[in-house]
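Structure first, commentary second.
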Amino acid sequence: MLLPEQVKIVEVGPRDGLQNESQILATADKVALIEKLSLTGLRYIEATSFVAKKWIPQLGDAEEVMSAIKRTSGVTYSALVPNWAGFERSLLVHTDEIAVFTAASDAFTQKNINCSIDECFERFAPILTAAKEKNIRVRGYVSCALGCPYAGEIAPLAVARVAKRLYDMGCYEISLGDTIGVGTVNKVNAMLHAVMQVLPTEAIAVHFHDTYGQALINIYAALQLGVQVIDSAVAGLGGCPYAKGASGNVATEDVLYALHGLGIETGIDLKKIIQVAHFISDKLGKPPQSKVTRAWGV
Ligand code: HMG
Ligand code: MG
């Protein structure tokens, strides 16, 4: 068994984390969060979402955030885009990359973005075409890859089908989301084996929420299969407002502690991430979700 030598971390805290906080953080604090994250060695930060403000008021200042951040060279600043209107908004503020998102469950896409899986692809097609013309890379998400809050069990083949459609449409990387954190190792293996039949391993990312404390061991299972891209959120922020009970993303600092312990390079300074975890937890007035951050203090 060979683990990867290097792993890319996709930091989703400013987007996936803050979208699910009950309080709306001030724009300046979001900007400070992203700028601090930019100085930790992270190369990829999902900064916000160009979705409807009435559905996700927490990220209603997407333009302001994207325009205000002092960008660090070598760091990619991306954002979620649900439809053409979101794509146009992202262009106006020079978003480096975008991510489109769908799911392996129709029931979930209906609740999340008010359309079926097929309709998602109709919305994405013109976005992918225009993004290609403008040399903007597009990431794709498949939610409910290990279970759906509405439909329950999800077949690995259903995940593979949607992942392949995104890839064939032009998404360079497909992030497989355990949106409600219900997955366990055997399910991760079965799902990844199915996806790896239709996608190159380099194009696969895992995005695990930690509701049942399984995220790290599930990541280890993914690493053993060769996955080299991991989504995580500083301080374990996160969740999906359309998935009741979904808790935070796996904490970036917990992932780094595990990866560095395995001798896997990330290029990220764990201590600096822990400082950012304290910063954002103080701003939100709650203790960091991450055991590593709690153990290490400030
Ligand atoms: P809709 O209601 O079906 O669309 O929303 P609509 O076209 O009928 O528009 C409704 C209103 O929204 C209109 O305004 C539009 O102009 C406006 P009104 O006429 O009522 O004043 N609108 C927009 N405004 C700003 N930006 C836009 C936009 N589009 C329409 N882009 C829509 C469809 C997708 C917009 C809506 O359902 C939405 O925003 N949903 C939010 C979904 C979301 O952000 N979910 C969380 C992220 S996904 C996630 O967390 C999972 C992930 O982390 C992976 C995992 O964990 O599995 C990625
Ligand atoms: Mg998520």
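Both counts, for ligands and for their atoms, begin at 1 and track the order of listing. FYI, side chains are in, hydrogens and waters are out, and symmetry mates aren't considered; it's all heavy atoms of this structure.
- In this structure, a donor-acceptor pair under 3.5 Å is present between the side chains of Thr293 and Glu253.
- Pairs passing the salt bridge (Lys or Arg N to Asp or Glu O under 4.0 Å) check and including a residue from residues 17-28, sequence neighbours excluded, read Glu21-Lys286.
- Using a 4.0 Å cut-off between heavy atoms, Ile113 contacts ligand 1 through both its backbone and its side chain.
- Note: Phe87 and Trp84 have tilted aromatic rings, judged against thresholds of 30 and 60 degrees for the angle between ring planes.
- Heavy atoms from both the backbone and the side chain of Asn112 come within less than 4.0 Å of ligand 1.
- Counting heavy atoms under 4.0 Å from ligand 1, residue Lys53 does not touch it at all.
- Not one N or O of Phe101 is nearer than 3.5 Å to an N or O of ligand 1, by distance alone.
- Counting only N and O atoms by type, the side chains of Tyr212 and Thr184 include no donor and acceptor under 3.5 Å apart.
- Checking only distances, Arg123 never comes within under 3.5 Å of ligand 1, N or O to N or O.
- Considering backbone and side-chain N/O of Gly86, one or more are found under 3.5 Å from N/O of ligand 1.
- By the 3.5 Å distance cut-off applied to N or O atoms, Tyr141 is not counted among the residues near ligand 1.
- Considering backbone and side-chain atoms alike, Ser49 places every N or O at 3.5 Å or more from each N or O of ligand 1.
- Only one option out of Thr252, Val10, Leu256, Ile219 pairs with Ile230 in a side chain to side chain contact (heavy atoms under 4.5 Å, CB included); it is Ile219.
- Residue Leu80 touches ligand 1 through its side chain alone, judged by heavy-atom distances below 4.0 Å.
- Rounded to 10 degrees, the NE2-metal-OD2 angle spanning His209 and Asp16 at the Mg ion (ligand 2) equals 100°.
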